[in-house]
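Heads up: the structure comes next, in structure tokens.
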Amino acid sequence: GLCDPRVTSLLEDREGHLWVGTMDGLQVLRDGPFETLTRAQGLPTDDLTVVQRGPDERLWVGTTDSGVFVWDDAVTRRLTVAEGLGPGPV
């Protein structure tokens with residue numbers, strides 16, 4: 001099941017996988033039970049606000065306190081206040 005009932009975003013990717021952003025991490029439903037991705041798997045935070053697919057099919061994830069990050073089986077890019085984002089949730 002879901003790691004947190006506070007779902008903030010849903011996204012179906014081109015392979016039909018369901019990505020769920022929550023206030024307690026990112027989850028993906030592939031061919032079995034939900035896989036949970038949190039700080040332990042390399043996310044900068046567990047408090048997610050939005051999950052969107054970029055033109056290159058990678059996931060762009062907004063957070064409440066850690067800017068935006070790009071996920072492609074790992075955090076491949078991170079944008080924060082240092083890169084020009086305003087403070088606060090994205």
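Values below: all heavy atoms of this structure, side chains included; hydrogens, waters and symmetry mates excluded.
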Check your understanding: Where the side chain of S9 meets the backbone of V51, is there a donor-acceptor pair that is under 3.5 Å apart?
Key -> yes
Check your understanding: Of all residues at least two apart in sequence or in a different chain, which pass the side chain to side chain contact (heavy atoms under 4.5 Å, CB included) check with L2?
Key -> V7, V20, Q27, F34
**Study point:** L26-V50 co-clustered via ILVMFWY side chain contacts under 4.5 Å
**Key:** no
Review point. Once you round to the nearest 0.5 Å, how far does CZ of R78 lie from OG of S66?
Key: 4.5 Å
Check your understanding: To the nearest 0.5 Å, how far apart are CG in D72 and CH2 in W60?
Key -> 11.5 Å
Check your understanding: Atom CH2 in W19, atom CZ in R30: separation rounded to 0.5 Å?
Key -> 4.5 Å
Check your understanding: Any side-chain heavy-atom pair from L59 and V70 closer than 4.5 angstrom?
Key -> no
Practice item. Check the surroundings of atom CZ in R53: do more than 12 heavy atoms from other residues, nucleotides or ligands lie under 6.0 Å from it? Key: yes
Check your understanding: Are there more than 12 heavy atoms of other residues, nucleotides or ligands under 6.0 Å from atom CG of D56?
Key -> yes
Exercise for review: For D46, enumerate each residue passing the side chain to side chain contact (heavy atoms under 4.5 Å, CB included) test, keeping only those at least two apart in sequence or located in another chain.
Suggested key: D24, T38, R39
Study note, to complete from the structure: Residues at least two apart in sequence or cross-chain that pass salt bridge (Lys or Arg N to Asp or Glu O under 4.0 Å) with E12, listed by chain then number, are none
Check your understanding: Atom CD of Q41 and atom CH2 of W71: how far apart are they, to the nearest 0.5 Å?
Key -> 7.0 Å
Point to revise | Considering all heavy atoms, the nearest L79-L85 contact | key: O-CD1, 3.2 Å
Revision key, fill the gap. Correct closest heavy-atom pair for T8 and L48 would be OG1-O, 2.9 Å
Review point. Which value, rounded to the nearest 0.5 Å, describes the distance between E35 atom CD and L29 atom CG?
Key: 10.5 Å
Check your understanding: Can you tell me how far OG1 of T22 sits from CG of L37, rounded to the nearest 0.5 angstrom?
Key -> 10.0 Å
**Study point:** From CA spacing to verdict: side-chain hydrogen bond (donor to acceptor under 3.5 Å, both in side chains), T63, D47
**Key:** CA-CA 6 Å; T63 72; D47 297 327; over 6 Å; no
**Study point:** Where M23 and D4 come nearest, the two heavy atoms and their spacing
**Key:** C-OD2, 4.0 Å
